[in-house]
**Student:** 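Can you keep this structure in mind? I'll have questions shortly.
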Amino acid sequence: AQSVTQLDSQVPVFEEAPVELRCNYSSSVSVYLFWYVQYPNQGLQLLLKYLSGSTLVKSINGFEAEFNKSQTSFHLRKPSVHISDTAEYFCAVSDLPQGGSEKLVFGKGTKLTVNP
Amino acid sequence: DAGVIQSPRHEVTEMGQEVTLRCKPISGHNSLFWYRQTMMRGLELLIYFNNNVPIDDSGMPEDRFSAKMPNASFSTLKIQPSEPRDSAVYFCASSLRSGGASDTQYFGPGTRLTVL
């Protein structure tokens, strides 16, 4: 079964600084990759996903993630963060190659705190 | 669309009592997921249904937990008897399955369960 490692449990940054949230997964076979965001006292929302094609995927609010198959990584980046980006971010991977199951495996999350 | 609806939002109960959590998925979605979120273990999939049929219940912790989906618009997660270690936030999510894990899962706001 797949596993997901989010190396940083907490990342504090200042407003307008760049940020990278790291995510590594266990399998090198074809997978689907996701980043979800959880704002305080809310459920998770999809931020972006990689299914196939271009290895760089982008969200509408300035985040992007790059799929790196050789390093089994899917790091999330934003060049300039806002206070409103303060949230917990979860990396997830499909449990079976090529998404043969609907089951996703989630990392433990990274709490991003953006300070003024 | 109202999104995924969960009730109650908060539940406080005493050890040994029965607890029932409820979920209404997004209309037209045919897959439903129950997750549990704790500080120690992160976000864990408990069970998921497709077209009202349980597909994978390997994450259900023990016999005290049961889940049903009597129709396409309603699901319950029951814990009987409840124990303090069941204290967590329970999320329900739904997706419009087009085949595999590529579909976006839409999460409800969660039920925060406290077992005293």
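Atom set for the values below is all heavy atoms of this structure, side chains included, hydrogens, waters and symmetry mates excluded. Every chain is numbered from 1, with letters handed out A, B, ... down the list of sequences. What you are looking at is a predicted structure, and each value in this text was computed from that prediction instead of being measured.
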**Student:** B:S58 versus chain A, heavy atoms under 4.5 Å apart: side chain, backbone, both or neither?
**Tutor:** side chain
**Student:** Looking at every heavy atom in both A:G62 and A:P79, which two are closest together, and how far apart are they?
**Tutor:** O-CD, 3.8 Å
**Student:** Out of curiosity, B:F33 CZ to B:S94 OG, how far, rounded to the nearest 0.5 Å?
**Tutor:** 8.5 Å
**Student:** Let me check something: any side-chain donor-acceptor pairs from residues 109-116 of chain A under 3.5 Å, sequence neighbours excluded? List them with distances.
**Tutor:**
residue: A:T110; atom: OG1; partner: A:Q6; partner atom: NE2; Å: 3.2
residue: A:T110; atom: OG1; partner: A:D8; partner atom: O; Å: 2.6

**Student:** What are the two closest heavy atoms between B:F74 and B:P25, and how far apart are they?
**Tutor:** N-CD, 3.9 Å
**Student:** Contact part of B:Q6 toward chain A, heavy-atom cut-off under 4.5 Å: side chain, backbone, both or neither?
**Tutor:** neither
**Student:** Could you state the interatomic distance from OG (B:S95) to CG (B:N50), rounded to the nearest 0.5 Å?
**Tutor:**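 Here the interatomic distance stands at 8.0 Å.
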**Student:** What heavy-atom pair brings A:A87 and A:V37 nearest, and what distance separates the two atoms?
**Tutor:** CB-CG2, 3.5 Å
**Student:** So, using side-chain contact (heavy atoms from CB on, under 4.5 Å) as the criterion, who are the partners of B:R85 when residues are at least two apart?
**Tutor:** B:E62, B:R64, B:E83
**Student:** Side chain from CB out, backbone as N, CA, C, O: work out which of these in B:R41 comes under 4.5 Å of a heavy atom of chain A, or both, or neither.
**Tutor:**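 The answer is the backbone of B:R41.
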**Student:** Which pair of heavy atoms, one from B:V115 and one from B:S82, lies closest together, and at what distance?
**Tutor:**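 Where B:V115 meets B:S82 most closely, the heavy atoms are CG1-OG, 3.7 Å.
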**Student:** Quick check on the structure: residues of residues 13-23 of chain A within a heavy-atom distance below 4.5 Å of chain B, by number.
**Tutor:**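 Checking residues 13-23 of chain A against chain B gives no residue, so none.
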**Student:** Does OH belonging to B:Y106 count more than 12 external heavy atoms closer than 6.0 Å?
**Tutor:**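 Count not over threshold, so no.
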**Student:** Using ring centroids (six-membered ring only for Trp), state whether B:F107 and B:Y35 fall under 6.0 Å.
**Tutor:** yes
**Student:** Please classify the contact of B:L45 with chain A as side chain, backbone, both or neither, using a heavy-atom distance under 4.5 Å.
**Tutor:** side chain
**Student:** Say whether A:Y36 and A:E88, considering side chains only, have a donor N or O and an acceptor N or O under 3.5 Å apart.
**Tutor:**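 Absent: no donor and acceptor within the cut-off.
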**Student:** Using a heavy-atom distance cut-off of less than 4.5 Å, which residues of residues 38-50 of chain A contact chain B?
**Tutor:**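 A:Q38, A:N41, A:Q42, A:G43, A:L44, A:L46, A:K49 fall under the 4.5 Å cut-off.
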